[in-house]
Amino acid sequence: MWKTNTSDVYLVTRTLGGSMKASLHASGRCHVRAPNSQRWRGVGEAPQFLDSWNIDVTSNYQFPFAVVIPEQELRNAEWAQYRDKGTTWIEAPREKGIEVAIFLIRSDGNLLPSLKAAGWHTIIIDTALPDGRRLLVAAGESMIPAAKLAELEQARLGAQNALAFSTEPHGNLRMLLLAGANEEGTRKFVEAAVRPNE
């Protein structure tokens, strides 16, 4: 889900939307807000932000944010309750994951050929912002190295151990892990289930 308010962009996912939100502000300030204290499952008190960073809003191209879903985390099922609500369905090739990325670009014209040449096969959103930039949300294939998948399994095991003694009922528990960050202001996160079959 997405919405714009002036030229601020707020992003949530279907599974994590009730717990956390990424905000890309017109000022260039970006952050991922931590879940509220009732939903926080980390050590100690819930922080205000899980991550915060800045992008240069005067440049012609920004790539502030992406979520990577490894192939092992994708689910093949019937999602009939969402079919008539504007959902964009993205098909993932076998043995490949999906990356959904946010771009803020100062450019007119058809960007689809250049995006496809760069590996982004599906445009989910292409809309103008009040400050003259275009908001693009695109999906492409993602291959995650074996070492990173091993790190994901370690994080999953750590989350399972942390919840082992909890007396609260838990449903479809999801994790959002910081996978990469660079000085240009790009953050890549991995979304995964706490338990592999959820």
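Computed from a predicted structure; not experimentally measured.
Linking Ile, Leu, Val, Met, Phe, Trp and Tyr whenever their side-chain heavy atoms come within less than 4.5 Å puts Ile90 and Phe189 in one cluster. Linking ILVMFWY residues whenever their side-chain heavy atoms come closer than 4.5 Å, directly or via other members, places Leu111 and Tyr61 in the same cluster. Put simply, Ile98 and Phe103 are part of two different groups of oily side chains (I, L, V, M, F, W, Y) that touch within less than 4.5 Å, one to the next.
Put simply, OG on Ser142 and NZ on Lys96 are 10.0 Å apart, with the number rounded to the nearest 0.5 Å. To the nearest 0.5 Å, the span separating CZ on Arg156 from CG on Leu149 amounts to 9.5 Å. Note that the OG1 atom of Thr122 and the CG atom of Leu112 stand 9.5 Å from one another [nearest 0.5 Å]. Between atom CD1 of residue Ile55 and atom CZ of residue Phe65 there is a gap of 12.0 Å, rounded to the nearest 0.5 Å. If you take CG on Leu115 and CD1 on Ile105, they are separated by 6.0 Å, rounding to the nearest 0.5 Å. Within the model, atoms CG of Leu129 and CZ of Arg106 stand 9.5 Å from one another, a figure rounded to the nearest 0.5 Å.
Side-chain atoms of Arg134 come within 3.5 Å of backbone atoms of Ser107 as a donor-acceptor pair (strictly under, hydrogens ignored). In this structure a side-chain-to-backbone donor-acceptor pair under 3.5 Å is present from Trp53 to Gly185.
By the side-chain hydrogen bond (donor to acceptor under 3.5 Å, both in side chains) test, Glu151 pairs with no residue at all, sequence neighbours left out. Remark: Ser59 engages Gln62 in a side-chain hydrogen bond (donor to acceptor under 3.5 Å, both in side chains) (not counting sequence neighbours).
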- [ ] Step by step, work out the side-chain contact (heavy atoms from CB on, under 4.5 Å) result for Val137 and Ile123.
- [x] CA-CA 6 Å; Val137 180; Ile123 306 303; over 6 Å; no
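Annotation for Ala26 and Val57: closest pair O-CG1, 3.5 Å, computed over non-hydrogen atoms.
Side-chain contact between Leu157 and Glu153: absent, with no pair of heavy atoms (C-beta onward) separated by less than 4.5 Å.
Between Phe63 and Trp120, the angle of the ring planes goes over 60°, which puts this pair in the perpendicular group of the 30/60° scheme.
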